[in-house]
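Have a look at the structure below, then the notes.
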Amino acid sequence: MRYKVTFVVGLALGYVLGTRAGRERYEQLKKSARGIAQNPAVRNAAESAGHTGREYAGKAFAAVSDKVGDAMPASLAGRVRGMRDRTGGAEDEWGTSNT
């Protein structure tokens with residue numbers, strides 16, 4: 001319960017400080033976040049983490065499907081295969097790809 005109260009207090013404090021900072025500060029933070037997201041080192045780390053996550057998801061799917069067999073719902077099997085086969089694509093509003 002203590003963690004929930006701490007989270008709610010932090011959320012309220014962030015909201016109050018954010019509204020007082022105004023639109024200019026928001027735009028400044030947005031520009032900084034975009035700059036960080038477009039940094040090649042950050043992009044490479046995100047791409048590597050995404051690749052590793054897809055690799056582990058594929059291994060987990062194989063392990064589970066071996067044990068579960070045909071009881072695996074087709075919708076779940078399709079989602080995991082889709083994650084594994086995804087090659088990336090269009091960039092989002094931050095200038096990063098969803099890989």
Inset, instruction - Only counting residues at least two apart or in another chain, list the ones meeting side-chain contact (heavy atoms from CB on, under 4.5 Å) with T52. - result: S48, Y56
Legend entry - Residues that, via side-chain heavy atoms closer than 4.5 angstrom, fall in one hydrophobic cluster with V42: I36
Inset, instruction - Quick one: which residue pairs count as a side-chain hydrogen bond (donor to acceptor under 3.5 Å, both in side chains) with a foot in residues 4-23, not counting sequence neighbours? - result: R23-E27
Inset, instruction - Return the set of residues passing side-chain contact (heavy atoms from CB on, under 4.5 Å) with E55 (not counting sequence neighbours), or none when no residue passes. - result: H51, K59
Inset, instruction - Taking all non-hydrogen atoms of both residues into account, name the closest pair between Q38 and R43 and its distance. - result: O-CD, 3.7 Å
